Amino acid sequence: MKIVSFNINGIRARHDRLTEYLEKEQPEIVCLQELKCADDALPVEHFEAQGYHGVWHGQKGFNGVAILSKGEKPELRRKGLPDDPNPDQSRYIEAEAHGVVVASIYLPNGNPIGTEKFTYKLDWMEQLRLHAAELLAAERPTVLVGDYNVIPEDRDTYSRSAMAKDALFQPESQQAFRRIVAQGWTDALRTFHPDEKRLYTFWDYQRGAWQRDAGFRIDHLLCSPQAADRLTGAGVDRWARGEEKASDHAPTWASFE
DNA sequence: ATGGTTGAAGATCAA
């Protein structure tokens, strides 16, 4: 069973890329971020025609998350975090599908640092940490999937100096991420690629970042022990980033037996 | 220090 994290960067502008991806990879579960679309404007007919059912938490213009499941409708568990720092922003949805509890996360970017945007990011991560602890306590196969907007370590970026003032690479952001992982979550990507130097999931549209492989790793799948026991692999579908009119993120996945 | 790109909304912002 393949579970995918895919920041689609505007689902209306990218539904053909999603169709192509589903056709090619046939994943059981896809967690989408940055729909940039209200619920009633979501182009559901495309993925429904391919046998996918979904739950979504959209927002006009910005943010927006969804969970798609092949062959069965996901059972919605919640939209938004408990004590969400800003319930107007659609950044979290949680459902059960194929016997797994899955969350689709679009964590605040946090730029520029030194502003309320950065404190919002850290506040949001703290609420995520509290909720993640409750999910772990349930001792079920659970995967926290999404665009965390956090580069966990130095080796996860093409350039430390280029990212030095970026919210994605601040020690506070990395520490907040580590605090969540340290509860007992397994970072699926790094587990299967312990020594990979260019394990990236995002390449900016600007300055030929894709052509230079100037990327970083910000899309993550965190697995509870009960999910980690079933892990069989993880990776990045880089081919999708090279397509015409691609998202700036590549689909990032983990597979389970 | 600046600019480069993209989507959605709408004469800019968020990324």
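Side chains are part of it too, since the values below use all heavy atoms of this structure and drop only hydrogens, waters and symmetry mates. Proteins get letters first, then strands, A, B, ... in listed order; numbering begins at 1 in each. Note that the structure is a prediction, hence the values are computed from the model and not measured.
Checking the phosphate oxygens (OP1, OP2) of B:dA9, a side-chain nitrogen or oxygen of A:R12 falls inside 4.0 Å. Of the side-chain N and O atoms in A:R14, one or more sit less than 4.0 angstrom from OP1 or OP2 of B:dG7.
Nearer the 5' end of DNA chain B, as judged by each residue's closest nucleotide, is the contact made by A:R207, out of A:R207 and A:G61.
Taking the C1' atoms as reference points, B:dG4 lies 16 Å from B:dA14, given to the whole Å. Comparing the P positions of B:dT2 and B:dA8 gives a spacing of 29 Å, expressed to the nearest Å. Only the P atoms considered, B:dG3 is 15 Å distant from B:dC13, to the nearest whole Å. Between B:dA9 and B:dA15, the distance separating the two C1' atoms is 15 Å to the nearest Å. B:dA11 and B:dT5 have their P atoms separated by 22 Å, with the value rounded to a whole Å.
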For nucleotides 10-15 of chain B, give me every protein contact, N/O to N/O, under 3.5 Å, one pair per line with atom names.
from   : atom 1 : to     : atom 2 : distance (Å)
B:dA14 : OP2    : A:K117 : NZ     : 3.3

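Checked against side chain to side chain contact (heavy atoms under 4.5 Å, CB included), A:N109 has the following partners two or more places apart in sequence or in another chain: A:N111, A:N149, A:L168. By the side chain to side chain contact (heavy atoms under 4.5 Å, CB included) test, A:E23 pairs with A:Q50, sequence neighbours left out.
Note: CD1 (A:I11) to P (B:dA9) measures 14 Å, nearest angstrom. Atom C1' of nucleotide B:dA9 and atom CD of A:Q59 are separated by 13 Å, given to the nearest angstrom. The distance from atom CZ of A:R241 to atom C1' of B:dT5 is 10 Å, rounded to the nearest whole Å. Going from atom CD of A:Q33 over to atom P of B:dG7 covers 17 Å, rounded to whole Å.
Between A:D237 and A:K2, at least one side-chain N (NZ, or NE/NH1/NH2) sits under 4.0 Å from a carboxylate O, which counts as a salt bridge. Look at A:K197 and A:D213 and you find no salt bridge, because none of the NZ, NE, NH1 or NH2 atoms lies under 4.0 Å from a carboxylate O.
Side chain of A:R212 to backbone of A:R207: a donor-acceptor contact under 3.5 angstrom is found. In this structure, the side chain of A:T186 does not engage the main chain of A:A188 through any donor-acceptor pair within 3.5 Å.
Remark: A:K36 fails to qualify as a cation-pi partner of A:W56 under the 6.0 Å distance and 45° angle criteria applied to the six-membered ring.
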